[in-house]
Amino acid sequence: MKDKFDKSVGKVLQLAARLHTSRRAEKLSALGLFPGQEIALQALAHQPSMSMSALASALQVKPPTVSKMVSRLGVQGFVERAGSDDDARQVHVSLTSKGQEAAKALSGQWQETEEGMLARLDAKERKQLRKLLRRVTKTLSKATDAGNDDNEDDAEDA
């Protein structure tokens, strides 16, 4: 007989997240990246130059976390830092040419992983899963901003 832990949503969610991260790590290593770094590259690919605080906000992490991430990405040659023209206290981050190439490759890899992960779900189930996971995320983070709205991106899937 299975106990409540074996039947918990948290256990299944944790397993799915771990397997997803493992699958992503395999693909990321081919680009010289580690899990988590791809999100920073994707954010910078959509906005050529960002302040460290804007990047931290976009990634929903604390400034020390993004600072360490940017330092590592800089050492690897994916990003570069430059002082702000407007405010000497700010540092802006942008992709190098190597970072731009990696960001392009990431898009294809992300889509491939996504399709494999959701292969057994139809469009309606995918939409429902995204909506439920956003709701769980919002509950866990106690977010009140409209950026985590349940209807976000659902129109594209209709």
Side-chain angles (χ1 to χ4, degrees), residues 1-47 50 52-79 93 95-96 98-158:
M1 183 168 117
K2 292 188 177 193
D3 63 14
K4 287 183 181 183
F5 177 70
D6 287 331
K7 292 183 178 183
S8 74
V9 172
K11 181 180 178 188
V12 175
L13 187 59
Q14 185 178 32
L15 177 60
R18 187 167 37 93
L19 290 170
H20 181 265
T21 300
S22 177
R23 176 85 38 96
R24 292 289 308 136
E26 292 171 13
K27 293 176 183 286
L28 291 172
S29 69
L31 297 173
L33 294 167
F34 299 99
Q37 292 179 323
E38 78 277 16
I39 305 300
L41 290 184
Q42 291 293 13
L44 290 166
H46 288 67
Q47 189 168 340
M50 297 177 80
M52 295 287 277
S53 60
L55 183 57
S57 179
L59 301 178
Q60 298 180 349
V61 297
K62 295 181 181 182
T65 303
V66 84
S67 180
K68 184 180 271 189
M69 183 182 295
V70 166
S71 291
R72 288 179 179 160
L73 286 168
V75 168
Q76 294 169 277
F78 292 107
V79 300
V93 184
L95 294 176
T96 62
K98 180 180 177 181
Q100 291 170 355
E101 289 174 25
K104 286 178 188 173
L106 286 169
S107 293
Q109 285 185 354
W110 188 270
Q111 188 63 33
E112 183 181 305
T113 302
E114 183 92 352
E115 287 301 318
M117 176 176 66
L118 302 174
R120 294 184 176 181
L121 301 179
D122 63 29
K124 184 177 178 180
E125 290 169 325
R126 290 175 185 208
K127 182 178 176 180
Q128 184 179 19
L129 178 60
R130 274 192 311 278
K131 187 174 182 177
L132 292 170
L133 288 173
R134 276 196 299 271
R135 196 179 304 163
V136 168
T137 300
K138 189 172 185 177
T139 300
L140 289 172
S141 68
K142 295 180 175 40
T144 57
D145 61 358
N148 289 330
D149 186 25
D150 286 345
N151 295 320
E152 185 179 292
D153 296 329
D154 289 344
E156 293 177 17
D157 301 321

So how far is it from [X] [atom1] to [Y] [atom2], rounded to the nearest 0.5 Å?
X      : Y      : atom1 : atom2 : result
Leu106 : Leu33  : CG    : CG    : 6.0 Å
Leu55  : Gln47  : CG    : CD    : 9.5 Å
Glu26  : Ser22  : CD    : OG    : 5.0 Å
Leu95  : His46  : CG    : NE2   : 11.0 Å
Thr113 : Glu38  : OG1   : CD    : 9.5 Å
Lys127 : Glu125 : NZ    : CD    : 13.5 Å

Salt bridge (charged side-chain N to carboxylate O under 4.0 Å, His left out) with Lys11: which residues, sequence neighbours excluded? Asp6

At their closest point, which heavy atom of [X] faces which heavy atom of [Y], and how far apart are they?
X      : Y      : answer
Val93  : Leu44  : O-CD2, 3.5 Å
Ala103 : Gln42  : O-NE2, 3.7 Å
Leu73  : Ala40  : CD1-CB, 4.0 Å
Ser67  : Met52  : CA-CE, 3.4 Å
Leu41  : Ala102 : CD1-CB, 4.0 Å
Phe78  : Leu31  : CZ-O, 3.4 Å

Please step through side-chain hydrogen bond (donor to acceptor under 3.5 Å, both in side chains) for the pair Gln37 and Gln76, ending with a clear verdict. CA-CA 11 Å; Gln37 292 179 323; Gln76 294 169 277; 2.8 Å; yes

Determine, step by step, whether Val61 and Met69 satisfy the side chain to side chain contact (heavy atoms under 4.5 Å, CB included) criterion, reporting the C-alpha distance in whole Å, the side-chain angles of both residues, the deciding distance to 0.1 Å, and the verdict. CA-CA 11 Å; Val61 297; Met69 183 182 295; 5.8 Å; no

Side-chain donor or acceptor of Glu101 paired with backbone N/O of Lys98 under 3.5 Å: no

Between Ser57 and Ser53 (side chain of the first, backbone of the second, donor and acceptor by atom type, cut-off under 3.5 Å), is there such a pair? no

Answer yes or no: is there a side-chain heavy-atom contact under 4.5 Å between Leu118 and Leu129? yes

Which pairs pass ring pair (Phe, Tyr, Trp, His ring centres under 6.0 Å) with one or both residues in residues 100-135, sequence neighbours excluded? His20-Trp110

Gln14 atom CD, neighbour heavy-atom count above 12 within 6.0 Å: no

Can we say Glu112 and Arg23 salt-bridge, meaning some charged N sits less than 4.0 Å from an Asp/Glu carboxylate O? no

